[in-house]
Amino acid sequence: MVSDIARVLYHESTILSRLDEMAHRITEDYASKEVTVVSILNGSIIFMADLLRRIPLPLQLDSWSVSSYHGTKSRGQIHFRQSQIADVRGRHVLLLDDILDSGLTLQAIKEKLVAESGAASIKSCVLLRKNVQRGVEVEADYVGFDIPNEFVVGYGLDYNERYRNLPFIGVLKEDAIRRHAV
Ligand code: IMP
Ligand code: MG
């Protein structure tokens with residue numbers, strides 16, 4: 001598994017010190033607000049676990065299972081897998097996702113929340129932001145790391161459901177992309 005990685009971008013210790021900084025800012029920004037974190041599964045699961053334990057606020061958590069990606073290219077079609085979402089009326093929603101790529105996922109989720117939730121505010125937090133031309137107007141409010149336009153895996157991020165459990169973020173080798181294509 002590790003031999004499929006071309007190069008490591010961020011080791012776990014680097015990720016965790018960045019999460020300390022992000023958590024500190026989020027804690028300040030949301031002090032005395034009723035906050036619900038909405039985490040987008042599966043990609044954000046490890047990020048969520050490490051980030052939320054650094055935020056000492058009485059927050060609530062809802063997790064959404066959403067899929068948009070197939071292989072290394074976004075399909076541009078977002079599927080929401082649950083029919084029911086938590087009641088966030090009047091609450092401040094902080095969306096958590098692993099990576100901002102085309103922006104289609106975050107945009108679709110924000111639109112759904114704006115239309116259906118009655119949230120007091122909606123902000124988003126991503127671990128990674130890819131340096132790409134985004135077709136849609138969507139920005140993240142909190143960003144862990146800006147990365148080049150390469151396909152990365154590990155620390156929750158997958159390629160066809162592989163590599164999520166790698167304890168670092170790395171660029172996937174081209175030959176691994178070919179071997180594990182579906
Ligand atoms: P977007 O809708 O194109 O912004 O894509 C967001 C989703 O695509 C993320 O939540 C990831 O699941 C997936 N994704 C985008 N880029 C990568 C990558 O480099 N590695 C793994 N997953 C990615
Ligand atoms: Mg994902």
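All residue numbers in this chain count up from 1 along the given sequence. Whatever order the structure lists them in is the order used to number ligands and atoms, beginning at 1.
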* To do: Look at atom 14 (N) of ligand 1 and find which of V136, I40, I99 reaches it with the closest heavy atom.
  => I99
* Less than 4.5 Å apart, any side-chain heavy atom of D62 and any of V88? -> no
* With a 4.0 Å cut-off, would you call K173 and D175 a salt bridge? -> no
* **Test item: side-chain donor near acceptor, D4 and Y159, under 3.5 Å** => no
* To do: Report yes if the side chains of C125 and L96 come closer than 4.5 Å at any heavy-atom pair, otherwise no.
  => yes
* What atoms in ligand 1 come closer than 4.0 Å to a heavy atom of S102? -> 1 (P), 2 (O), 3 (O), 4 (O)
* **Interfacing atoms of ligand 1 (cut-off 4.0 Å, heavy-atom, D97)** => 10 (O)
* **Close side-chain approach of R54 to L16, heavy-atom, < 4.5 Å** => yes
* Asked: For ligand 1, which atoms sit closer than 4.0 Å to a heavy atom of T105?
  -> 1 (P), 2 (O), 5 (O), 6 (C)
* Asked: Can an N or O of G103 be found at a distance shorter than 3.5 Å from an N or O of ligand 1?
  -> yes
* **Which of the ligand 1 atoms, numbered from 1, are nearer than 4.0 Å to a heavy atom of D158** => 21 (C), 22 (N)
* Where's the contact between E150 and ligand 1, heavy-atom distance under 4.0 Å: side chain, backbone, both or neither? -> backbone
* Should the heavy atoms of other residues, nucleotides or ligands under 6.0 Å from CD of E150 be counted, would the total exceed 12? -> yes
* When only distance counts, is V152 in polar contact with ligand 1, meaning an N/O pair under 3.5 Å? -> yes
* Asked: Would you call the rings of F80 and W64 parallel, tilted or perpendicular, where under 30° means parallel and over 60° means perpendicular?
  -> perpendicular
* Asked: Under a heavy-atom criterion of less than 4.0 Å, does R134 contact ligand 1?
  -> no
* Structure fact -> Logged contact type for D101 with ligand 1, heavy-atom cut-off 4.0 Å, is both
